[in-house]
Amino acid sequence: MAVDFENSIPIYLQVVEQLKSDIISGKFSAGERLPSVRDLALQLKVNPNTVQKAFTELEDMGLVFTERTNGKFVTEDIALIAKHKQEHADIITQKYMKTMEKIGFDKSEVIFLINNLGGNR
Amino acid sequence: MELLQCIDLNKSFGEKKILKNVNLTIPRGKIIGLLGKNGTGKTTLIKLINDLLTISSGQILVNGNPIGVESKKVISYLPERTYLDKGMTVEKTVEYFAKFYDNFDSEKAYKLLKELGLDTHQKLAKMSKGMQEKVQLVLVMSRNAELYILDEPLGGVDPATREYILDTILTNFNDGASVIISTHLISDIECILDSVIFIDNGEIILTAETDELRNRENASIDEIFRRMFKC
Amino acid sequence: MLKKLLNYDLKSIFKVIIIFYILAIFFGILTRVFFGFRNSLVLEILGKISQGAAISMMCSTLINNIMRMWVRFKAHFYSDEAYLTHTLPIKKETHYLAKFLTAIITLFVSFALVFLVLFTAYYSKENLLVFKNLLLPVAEAYDSTIVGLIALLVFVLFLEFFNILQCGFTGIILGNRMNNAKTGFSVLFGAVAFFVSQAIVLAVLFLIALFNTEFMNLFVTNTTLNVQTIKSMICVAISCYTLVSVLGCVTNIYLFKKGVNVD
């Protein structure tokens, strides 16, 4: 899971994004135990404090919770994960639409493109 | 009690002032980059902390004590040169460290040396400089220290070695310990740093948390450094 | 910690001078063997050669002993290796003391070796007799024994060698406090330290002489002094020299404790 980080953006935010996408994609499923701070830091090749900070951020979002002795787990609240997944998808779609609008496509044309994309494969 | 504190620290050689009024506090549990161009006082500061230079004026406190036996027990230092007795074998060198440092973990050292695929019966003199530097790093990181001070650990090494060095540092530093890494190659290590200290012309010109700094300046530490020093 | 340091220091010195020990003993034995045959010119020449070699090896042993100590002192405290030495959790005075004791022990062993070689090469009943007859009048003149005389001579010689060695340490410590030309200054300060140590002994003798007319005769007249005066003078001089050596050690520790500036 080594990730190339963009040095101009706070690293912990990038770790948050990385973990969030792992959770909503189901790579870490609901209720699953997450790797320890130290292990994750080694995998990602970042500072343990950065991972800790990212975990805190995810806990604030409610996606991760700490069991005092056992470590950190993905939330069991499937609805919450779904909500984050939806939000995430929305953000990406909005970005995509903006780009497409810039080069002169409207919504129906985009839908047409997407539908055709499947057909051309 | 702060782990390391420099108070109004000055160092001069004759008329030449190398460090000017350095005030610095290093907390526990952080990885800190000591960043500056070559010849700006990084190594001088590090040598002062390690009792290799005499202080001209000011104070250095480690856990509240001046530099001495107590500070040396908790600081594990990697100089920017090969400094071991080259007539000794790797095995003898490990033995030497184990004898003199109570917090040296021989098992860990042997494990790491084995990973390097090293013949421990070989004399240091017979090894390449790069290999000697790796052995030194292994020895330094095999101590359960409170403060690791690594002077230019990445100077002049290839990308694979760089990765090995960073991995070794990240994997092996003691829980709750701090690491000071001095370097002028910022982009290689900036993603593992908690905070940075910029030093130029013997003066500390900036200390900051890395992520805060990135947020504030909207740029990488490397870029910020270049902007500041126009190099 | 002192014991551990001493262990490494002794090994590092003996590792080198043991070669000279072996060679000296080897030539000592050869000398004896060749001198055993008195009727062959060739063997006698070989004997003379071995004798020369043995003597030069004995000198080399002592010279190398001192040089190795200086080299080790500099390497350990002021070169690349100093980066490890000074970051070990050991007090500066303990570091110095290890070198001090190493100097005494190695010099002692080297002295013993010189005697061993002399004994191997020359010991025989006749030679011993010649030697005794040579020393007896001197010993008797100072109403002492031969053994006492030899012991005194050896002690003074040992003290002298040790003082040279320690003045070298002083030179290295002071020389390395300079910002450049450290080696040059080391030699200079070492020589100065040696002359100062000699001057102190002489000055003390002179001071005593100011209050003691018997002693004063040493400085102002050519007349032979009486044996008792010479004896007490030797006593004073030797104790004074011993004291100066101890003082040198204390000074060195004091200077060394002030800290080092390693390049």
Side-chain angles (χ1 to χ4, degrees), chain B residues 11-16 18 43-44 46-56 60 62 65-88 92-93 95-104 124 129 132 136 139-140 143 145 147-149 151, chain C residues 1-19 68 71-98 173-182 185 253-263:
Chain B
K11 175 66 185 173
S12 29
F13 289 107
E15 292 292 295
K16 217 168 137 204
I18 309 291
T43 298
T44 304
I46 288 174
K47 280 166 76 175
L48 281 168
I49 298 170
N50 285 293
D51 203 18
L52 291 162
L53 292 176
T54 52
I55 296 170
S56 297
I60 300 176
V62 178
N65 300 315
I67 299 302
V69 172
E70 289 309 311
S71 78
K72 291 171 190 181
K73 278 183 187 165
V74 298
I75 297 178
S76 190
Y77 163 54
L78 179 75
E80 94 292 26
R81 60 181 71 198
T82 51
Y83 69 112
L84 301 173
D85 183 346
K86 293 184 180 54
M88 281 204 228
K92 289 273 178 226
T93 314
E95 194 186 296
Y96 191 89
F97 269 65
K99 265 189 190 155
F100 287 107
Y101 295 114
D102 292 338
N103 56 11
F104 185 76
L124 286 163
K129 191 161 178 268
Q132 286 181 35
Q136 288 180 179
L139 292 172
V140 166
R143 281 182 64 195
L147 177 62
Y148 299 86
I149 302 181
D151 196 0
Chain C
M1 284 299 183
L2 182 63
K3 222 171 128 191
K4 292 179 199 167
L5 285 174
L6 206 54
N7 187 12
Y8 279 102
D9 279 337
L10 286 174
K11 269 187 199 158
S12 103
I13 302 296
F14 281 132
K15 212 167 72 186
V16 177
I17 55 174
I18 194 140
I19 300 163
R68 285 303 305 173
V71 169
R72 171 89 176 161
F73 194 88
K74 172 139 171 47
H76 223 215
F77 292 147
Y78 296 101
S79 70
D80 283 357
E81 258 184 71
Y83 280 75
L84 183 57
T85 312
H86 293 301
T87 47
L88 296 173
I90 296 173
K91 285 191 191 134
K92 289 257 192 300
E93 48 265 48
T94 313
H95 274 304
Y96 184 83
L97 223 54
I173 293 173
L174 288 175
N176 279 281
R177 288 161 70 116
M178 308 307 281
N179 287 326
N180 39 42
K182 293 185 175 184
F185 276 116
I253 290 179
Y254 170 76
L255 290 171
F256 195 54
K257 263 176 80 173
K258 281 190 167 175
V260 293
N261 281 303
V262 181
D263 282 332

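Numbers restart at 1 for each chain; the letters A, B, ... are given by sequence-line order, proteins then strands.
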Handout entry: B/K86 atom NZ, over 12 foreign heavy atoms within 6.0 Å
Key = yes
Exercise for the section: For the pair C/K4 (side chain) and B/K99 (backbone), establish whether a donor and an acceptor sit closer than 3.5 Å, ignoring hydrogens and angles. Expected result: yes
Handout entry: Parallel, tilted or perpendicular, as decided by the 30° and 60° cut-offs, for the rings of B/Y96 and C/Y8
Key = perpendicular
Fill in the blank from the handout: Turns out that what part of B/K47 lies under 4.5 Å from chain C's heavy atoms comes down to side chain
Problem - More than 12 heavy atoms from other groups under 6.0 Å of OH on C/Y254 - result: no
Practice task
Tell me, out of B/L84, B/L52, B/L53, who's got the most heavy-atom pairs with chain C below 4.5 Å.
Solution key: B/L52
Practice task
Hey, could you give me the OG1/CG distance between C/T87 and B/L78, rounded to the nearest 0.5 Å?
Solution key: 10.5 Å
Exercise for the section: Would you check if the side chain of C/K91 reaches a backbone N or O of B/V69 as a donor-acceptor pair within less than 3.5 Å? Expected result: no
Problem - Between CD1 on residue C/I90 and NZ on residue B/K73, distance to nearest 0.5 Å - result: 10.5 Å
Handout entry: Flag, side chain of C/N261 to backbone of B/T54, donor-acceptor distance under 3.5 Å
Key = yes
Handout entry: Those residues that, when tested against B/Y101, pass ring-ring contact (aromatic ring centres under 6.0 Å, His included) (two or more places apart)
Key = B/F97
Problem - Minimum heavy-atom distance C/D80-B/R81, with the two atoms named - result: OD1-NH1, 2.6 Å
Exercise for the section: Measure B/Y77 against the heavy atoms of chain C and call it side chain, backbone, both or neither at under 4.5 Å. Expected result: side chain
Exercise for the section: Would you mind reporting whether C/E81 and B/D85 have side-chain heavy atoms less than 4.5 Å apart? Expected result: yes
Exercise for the section: Heavy-atom distances under 4.5 Å only: say whether C/N176 touches chain B with side chain, backbone, both or neither. Expected result: neither
Practice task
Using non-hydrogen atoms and a 4.5 Å limit, figure out which bit of C/K92 sits close to chain B: side chain, backbone, both or neither.
Solution key: side chain
